[in-house]
Amino acid sequence: MERGAGVLKRLAPEQLLAIDKFLVDDEYRHIVLDRDKCKSCHGRPCIYACPAGLYNLKDGEVTFDCAGCLECGTCRVVCPQSLQWEYPRGGFGIVYRYG
Ligand code: SF4
Ligand code: SF4
């Protein structure tokens, strides 16, 4: 919801996500893919399940970028290969602006 002239305006999920802030930790990646396991992964569910769209396919390989991670844990749950997953270090990661 956005306040404006005394009126509450409903925002779409994409709009709410766009106003969140992500503090990038250049020295620690909180999610690490095993390239060999990804090559043999059936279906590569992370590409379809990540709500932030951080997993992509490029030249037949899965690519991933930590920046923008919502820390929802979905990729950890759907990955059949025990993806290395941690929360970001203190002071880094997503800063939600609307809860
Ligand atoms: S689901 Fe896991 S193993 Fe499969 S492509 Fe994604 S990160 Fe790699
Ligand atoms: S924790 Fe959620 S937002 Fe972050 S990479 Fe995994 S699925 Fe995407």
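In this text the structure is predicted, and so the values were computed from the model without any measurement. Read the numbers this way: they start at 1 and go in the same order the structure lists the ligands and their atoms.
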For residues Tyr87 and Glu71, determine if any side-chain heavy atom of one lies less than 4.5 Å from a side-chain heavy atom of the other.
yes

Identity and distance of the protein heavy atom lying nearest atom 2 (Fe) of ligand 2:
Cys72 SG, 2.3 Å

At a 4.0 Å threshold, what atoms of ligand 1 neighbour a non-hydrogen atom of Pro80?
1 (S)

Please walk me through it: do Arg29 and Phe64 pass side chain to side chain contact (heavy atoms under 4.5 Å, CB included)?
CA-CA 11 Å; Arg29 293 174 62 82; Phe64 174 71; 3.7 Å; yes

What atoms of ligand 1 come within less than 4.0 Å of a heavy atom belonging to Cys41?
1 (S), 3 (S), 4 (Fe), 5 (S)

Taking only heavy atoms of Tyr55 into account, list the atoms of ligand 2 that are under 4.0 Å away from them.
5 (S)

What is the closest protein heavy atom to atom 8 (Fe) of ligand 1, and at what distance does it sit?
Cys38 SG, 2.3 Å

For Asp20, does its backbone N or O pair with a side-chain atom of Arg97 as donor and acceptor, under 3.5 Å?
no

Value for CZ (Arg76) from CD (Gln84), rounded to nearest 0.5 Å, stands at 10.5 Å

Nearest non-hydrogen protein atom to atom 1 (S) of ligand 2, with distance, is Gly73 N, 3.2 Å

Atom 4 (Fe) of ligand 2 has as its nearest protein heavy atom Cys69 SG, 2.3 Å

Look at atom 3 (S) of ligand 2 and say which protein heavy atom is nearest, naming residue and atom and giving the distance to 0.1 Å.
Leu70 N, 3.2 Å

May I ask you to check whether His42 brings an N, O or S atom to under 2.8 Å from atom 4 (Fe) of ligand 1?
no

With a cut-off of 4.0 Å, which atoms of ligand 2 are near a heavy atom of Phe64?
5 (S)

For ligand 1, which atoms sit closer than 4.0 Å to a heavy atom of Gln81?
3 (S)

Residue Pro45 vicinity, atoms of ligand 1 by number, heavy atom under 4.0 Å
1 (S)

Please determine whether the number of non-hydrogen atoms from other residues, nucleotides or ligands lying under 6.0 Å from atom OH of Tyr28 exceeds 12.
yes

Test item: Asn56 and Ile47 side chains (from C-beta on) under 4.5 Å apart, heavy atoms
no

Ligand 1 contact by Gly43, heavy-atom criterion under 4.0 angstrom:
no

Numbered atoms of ligand 2 (with element) below 4.0 Å of Pro51, judged on heavy atoms
7 (S)

State the atoms of ligand 1, each with its element, that fall below the 4.0 Å cut-off from a heavy-atom position in Val62.
5 (S)

Assess whether side chain to side chain contact (heavy atoms under 4.5 Å, CB included) is satisfied between Val95 and Leu23, documenting all intermediate values.
CA-CA 8 Å; Val95 179; Leu23 303 172; 4.0 Å; yes

Given 3.5 Å as the limit, does a donor-acceptor pair link the side chain of Gln15 with the main chain of Ala12, or not?
yes

Under the side chain to side chain contact (heavy atoms under 4.5 Å, CB included) criterion, do Tyr55 and Ile31 qualify, and how do the steps go?
CA-CA 11 Å; Tyr55 292 87; Ile31 299 174; 3.7 Å; yes

Look at the side chain of Tyr96 and the backbone N and O of Leu70, then say whether any donor-acceptor pair between them is shorter than 3.5 Å.
yes

If hydrogens are left out, which of Cys79, Cys46, Cys50 has an atom nearest to atom 6 (Fe) of ligand 1, that is, the closest non-hydrogen atom?
Cys46

Under-4.0 Å salt bridge between Arg89 and Asp25:
yes

Among protein heavy atoms, which lies nearest atom 7 (S) of ligand 2, and at what distance?
Cys75 N, 3.3 Å

Using a strict 4.0 Å cut-off to heavy atoms of Trp85, name the atoms of ligand 2 that fall inside it.
1 (S)

